[in-house]
Amino acid sequence: MKIKSIHLENFRNFESIDVSFDDINIIWGENAQGKTNLIEAIYLFTGAKSFRGAKDKELIRFGCEKSSLRLEFLSDIREQSAEIIIKDKRSVSLNGVKKKNSAELSNEIKAVVFSPVHLSMVKDGPRERRRFVDGALCQLKANYRKLLKEYSRGLDQRNALLKDIYRHPELEAMLYIWNQNLAATGAKIIYQRLKYLEALTPYVKNIFSGISSNREELDLKYSFYDGIPDLRELEKKLLKEYENSYSNDVLNRTTSVGPHRDDIEILINGKSARIYGSQGQQRSCVLALKLAEAALLEEMTGVKPIALLDDVMSELDETRQDYILNNIKSSQLFVTCCDKETILRLKEGKTIRIENGEVIN
Ligand code: ATP
Ligand code: MG
């Protein structure tokens, strides 16, 4: 898959622009000119919400009623065109045919995105790391989202019961059902996550080692279970955890164990990247995870996702920047930066200069 060009009208700070792309694209300009806005526009064609967490109406250019976005792309040697109109709600069409919702585009256009907001994957608590793995699995396995929903429903029920037991201890016997229920669904979730991490790890290690010129080694460790999973064993272990946490959970009126609390530890040379990693190392970790996600997605689906890398270069030294600019060839690459030096070191590719919402040739 390859993006050929994009046309934007009244999107963010763009009044009207047309940009065509190469295999490697450096989007360059000073602060607040529209670089991230351009990356964000491309990403919307994956059917996802803005990676910056923006609401759709915030994407419409100030003072305008609607935004129009059109993307020309190549898939299986076929030229296609996708269109998004953002007004009161989003409407989407593919090759002139209206689609039910924007998620339908996700089958056509796959992308991984890195933005500074994703640094929270390494810097913050476990929620963002779980979200990364769950998001990747949702793209790969049709039933995984359903599994997450089912677990979440079960969890709500167990938590509601814990609150009731606090006042009516005679309800305790009912907890058994919810423990079993959660253990069955929860084990399936953990099983999928472990399998995914098992497949992802060689890719992450390889990319991270490249970024750090073979000086550093990255490892991933799932908190609940170490090693190759066995579903029955996982379920038994999880059930025991729910049973053992009983008094604690009644006291706190919430479920303290399970896949909704698990963590994926990121280690550099055996030490926690969250606690000990430098800024550049943390950035390299997230980048390696994102690029590994793309490589694995390609291996498993046969679709080459594009890579959208927003502001990855800052805090990285020259060797790390060079590796990213010149060694990641597995997919079409879009990189934003403020710094002219970065562009001068790019050995191939196209430079797109953005100034105040316009493309300067
Ligand atoms: P940096 O290098 O600082 O990351 P950038 O080039 O990535 O800068 P963008 O995040 O793309 O900058 O934003 C460019 C400008 O777009 C900002 O000044 C912002 O005020 C403006 N902007 C954001 N949303 C809208 C909107 N809905 N309408 C008009 N302008 C907007
Ligand atoms: Mg930006």
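First listed ligand is number 1; within each ligand, the first listed atom is number 1. Source: prediction; values computed, not measured. Along the sequence shown, residues carry numbers from 1.
Among protein residues, Arg12, Asn13, Glu30, Asn31, Ala32, Gln33, Gly34, Lys35, Thr36, Asn37, Arg52, Glu58, Ile60, Arg61, Phe62, Cys338 come within 4.0 Å of ligand 1, judged on heavy atoms.
Protein N/O/S atoms found under 2.8 Å from the Mg ion (ligand 2): Thr36 OG1.
When only modelled atom types and interatomic distance are considered, Ser102 and Lys49 share no side-chain donor-acceptor pair under 3.5 Å.
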- Show your reasoning for whether side chain to side chain donor-acceptor pair (under 3.5 Å) applies to Asn95 and Ser81. CA-CA 5 Å; Asn95 304 317; Ser81 167; 5.3 Å; no
- Query: Are Ile17 and Phe14 close enough, and set up right, to give a side chain to side chain contact (heavy atoms under 4.5 Å, CB included), and what steps lead you there?
  - Reply: CA-CA 7 Å; Ile17 60 159; Phe14 300 115; 3.7 Å; yes
- Start with the C-alpha distance between Gln180 and Tyr242, add both sets of side-chain angles, then the distance that settles side chain to side chain donor-acceptor pair (under 3.5 Å), and finish with yes or no. CA-CA 9 Å; Gln180 287 224 318; Tyr242 291 127; over 6 Å; no
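Partners of Arg215 under the salt bridge (charged side-chain N to carboxylate O under 4.0 Å, His left out) rule, at least two apart in sequence or in another chain, do not exist in this structure.
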Contacts under 3.5 angstrom, residues 135-148 side chains, donor-acceptor by atom type, not counting sequence neighbours:
residue : atom : partner : partner atom : Å
Tyr144  : OH   : Asp134  : OD1          : 2.6
Tyr144  : OH   : Arg193  : NE           : 3.4

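Ring pair His118/Phe51 is tilted by interplanar angle, where 30° to 60° counts as tilted.
Residues Arg130 and Asp262 are not paired through a salt bridge, judged by the lack of any N-O separation under 4.0 Å between the basic side chain and the carboxylate.
Geometrically, Lys237 engages Phe224 in a cation-pi contact defined by less than 6.0 Å to the ring centre and at most 45° from the axis.
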